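One structure below.
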Amino acid sequence: MTRLSQYLLPTEKEAPADAEAISHKLMVRAGLIRQVGAGMWTWLPAGWRVHQRTVSIIREEMDRIGGQELLMPVLQPADPWRKTGRLAIDELFKLLDRKGSELVLAMTHEEIVTEHVARVVRSYRDLPLILYQFQIKERDEPRPRAGVLRTREFIMKDSYSFDRDAAGMEERYEAHAAAYDRIMDRTGLRYYRVESDVGMMGGLGAHEYMAPCPAGENEIALAPGYAANVEVASADAAFVVLEDEPAAAERIATPGLTTVAEVSGSLSVPAGALLKAYPVVPADAAGKLVLVLVRGDHRVNEIKLANALGTASRPAHAEEIAAKLGPPGFIGPVGLDGRVEILLDAAVADGAYVTGANEPDCHLRGVVPGRDFKFTRVDVRTVQAGDTVGGQAITIEPAIEVGNIFKLGTRYSEPLQASYLDETGAALPIWMGSYGIGPARIVAAAVEQYADDHGISWPRALAPFAVHLVGIGKADTPERGAAEELYENLLAGGIEVLYDDRDVGPGEKFADAELLGCPLRLTVGARALKTGDVEVQLRRGLRSAAGLPLDHDVADLTQALDDLWRSLP
RNA sequence: CGGGACGUGGCGCAGCUUGGUAGCGCACCUGCUUUGGGAGCAGGGGGUCGCCGGUUCAAAUCCGGCCGUCCCGACCA
């Protein structure tokens, strides 16, 4: 039933006071979603149509690469999670049943799908496999935000691949990358596939599908031919002019100057001619201190640092710094005599730098890495605007992660004993991949990317309806009769149409149509009866298109609309 | 987890400082008028003022505790 007079589409003139993100405001205002609690949302009929359109696209592309759809429970025994070491994850909801058995609400389904495969797959002949589902995920998020962009409960398409070896896993990974590319292309979103950190999934490699949008919570670094999550991005730093190397470093008085800005200002050298010393304590080596050096105008990237160290780390406390190095604010790499391991960032070019002297109110000028201290070279800085990749400047954009693909290897198959017998009868672990995609985020990202001052402007692949038909004039007038007839003809022609047959003024109908954002608006009023043409407006850009003759028969009407439809973004 | 803000009818808000019959706009219901850009007139319905406790003759208002929601940061397969 798609007569607006009988359809549940509660539009609002004003956005909820606590909404900030564009998609949050517009999806509530357009009557697509309603909030239940923090990070808990109901999809109303029109919103659910959009969500399910996205689901359909994903399903088609998963089936195309040989995926087999199944459904696994959200409520699960805790035991497999204990085996993989993931029971300790804070985001995992845990509960007890009435008998006191430990249960979890799944945040993803690696454990269960791997257990199934472990029991069912015996032979190399059973591989490869791609299994997937659309299922609710539950996560005890520290901070749900921005409508459906980050929620505690959401539907995810998650798929899992099972192969006999690394080469097979790579094949399945590439198949998923291709499927995801097609999915994203079909949704009409602007997106990038970027290199990403493997994070808590563990594993051997990963990409994320990022949709740039203002409310995005990630940052991506972009250059022609290059796209990466800022968490892992590498780039060439902007050149900085260094002073000539003196024969030896010289001690200079810098009373009270503890920051890069203060020191560089006082000495009239660029911030990039300083070395910023960042002492950290590795998580796996209590009592050990590592001194990380980056250029004064750069920032240490915690994730790249963790990858370089092979373990997480925390900034050293002031007491630890004072005990092992010198007064905080004046620490540096010179004279440590191997007591502290020194990591030097890759962006530090050869030359002379200003560093702390490990003495109060003193810095050293003309410090030359290699000559004045030994170091290990690492890439641990955060890329920034002004850097280049292949000579091309990078830009940094906020983006929302709408999908990801992971090479898991045997991260889950080993603890859960998912193995198969090869041709020689040897038992070998199964090589896995894991691939997620969030329809709700695709929907919200589309709203963010294409909204204008009037409301949502759906890409045609996601729109809740193809056509928003506005009937103008009172009920029982000839123009409304014409609108009714057109509605019936559109339905007969298989066009998905929302018919605004409400007894309200034209302004309200137009405003609601623009808010909801269906790609085509057809208007039938007295004017249409006079000219014989139905007015057609394209939502994207609010441009008028050539009118359609009111007296078209169903086949002609359908054909004309179909032609127009194909021309839409 | 740290910082900040908010909670009064479906939505947006005022009232709280200085305690005394709970108000406005939109939305909703009825009638009449109106129909190409969120209409007009008249009438009407709807609120345990987040919850619990305290102070007081009297609490939306003052005090205490709790809960909820949002924003920034931390965190985030």
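Because the structure is predicted, anything quoted here is derived from the model rather than measured. Quick note: numbers below take in every heavy atom, side chains included, and nothing from hydrogens, waters or symmetry partners.
By the salt bridge (charged side-chain N to carboxylate O under 4.0 Å, His left out) test, A:Arg182 pairs with A:Glu61, sequence neighbours left out. Qualifying side chain to side chain donor-acceptor pair (under 3.5 Å) partners for A:His109, counting only residues two or more places apart in sequence or in other chains: A:Gln76, A:Gln133, A:Lys137.
Among the protein residues, A:Gln35 comes within range of the sugar-phosphate backbone only, with heavy atoms under 4.0 Å from sugar or phosphate atoms but none that close to a base. Across all strands shown, A:Ala146 has heavy atoms under 4.0 Å from sugar-phosphate atoms exclusively, and none from any base. Residue A:Arg29 is in base contact, counting any heavy-atom pair closer than 4.0 Å across all strands shown. A:Ala17 comes within contact range of the sugar-phosphate backbone alone, with a heavy-atom separation under 4.0 Å but no base atom that close. Using a 4.0 Å heavy-atom criterion, one finds that A:Ala19 contacts no nucleic acid atom at all. At the heavy-atom level, A:Glu514 lies under 4.0 Å from base atoms of the strands shown. Within the nucleic acid shown, A:Val504 comes within 4.0 Å of at least one base atom, counting heavy atoms only.
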Pair A:Glu514-A:Arg539, salt bridge (Lys or Arg N to Asp or Glu O under 4.0 Å): steps then yes or no:
CA-CA 7 Å; A:Glu514 280 147 21; A:Arg539 177 61 185 83; over 6 Å; no
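Counting only N and O atoms by type, the side chains of A:His298 and A:Thr382 include no donor and acceptor under 3.5 Å apart. At a cut-off of 3.5 Å, with distance as the only test, a side-chain donor of A:His207 or A:Tyr173 sits close to an acceptor on the other residue. Under the 3.5 Å distance criterion, with hydrogens and angles disregarded, no donor-acceptor pair is assigned to the side chains of A:Asn301 and A:Glu231.
In this structure, the CZ atom of A:Arg527 is 9 Å from the P atom of B:G36, given to the nearest Å. B:U30 atom C1' lies 14 Å from atom CG of A:Asp503, rounded to whole Å. Going from atom NZ of A:Lys474 over to atom P of B:A39 covers 16 Å, rounded to whole Å. Atoms CG (A:Asn218) and P (B:C75) sit 13 Å apart, rounded to a whole Å. The separation between A:Arg521 atom CZ and B:G37 atom C1' is 9 Å, rounded to whole Å. Atom C1' of nucleotide B:C71 and atom CZ of A:Arg150 are separated by 15 Å, given to the nearest angstrom.
Taking only side-chain nitrogens and oxygens, A:Arg143 comes nearer than 4.0 Å to OP1 or OP2 of B:C72.
Contacts of residues 151-162 of chain A with RNA chain B (heavy atom under 4.0 Å): A:Phe154, A:Met156. Residues from residues 475-483 of chain A with heavy atoms under 4.0 angstrom of RNA chain B: there are none. Only at 4.0 angstrom or more do the heavy atoms of residues 436-456 of chain A sit from any atom of RNA chain B, so none qualifies.
Paired with A:Arg441 under the rule salt bridge (Lys or Arg N to Asp or Glu O under 4.0 Å), one option of A:Glu448, A:Glu208, A:Glu217 passes, and it is A:Glu217.
Counting distance only, with no hydrogens placed and no angle test, the side-chain atoms of A:Arg145 and the base atoms of B:C70 include no donor-acceptor pair under 3.5 Å. Interface remark: the A:Glu508 side chain does not form any donor-acceptor pair with the B:G37 base, using a distance-only criterion of under 3.5 Å.
Nearest nucleotide to the A:Glu217 side chain, out of B:C11, B:G36, B:C76: B:C76.
The side chain to side chain donor-acceptor pair (under 3.5 Å) pairs that include a residue from residues 502-513 of chain A are A:Thr11-A:Asp512, A:Asp500-A:Arg502, A:Arg502-A:Asp512, where partners are two or more places apart or lie in different chains.
Interatomic distance, OG1 of A:Thr54 versus NZ of A:Lys157, reported as 13.5 Å (0.5 Å rounding).
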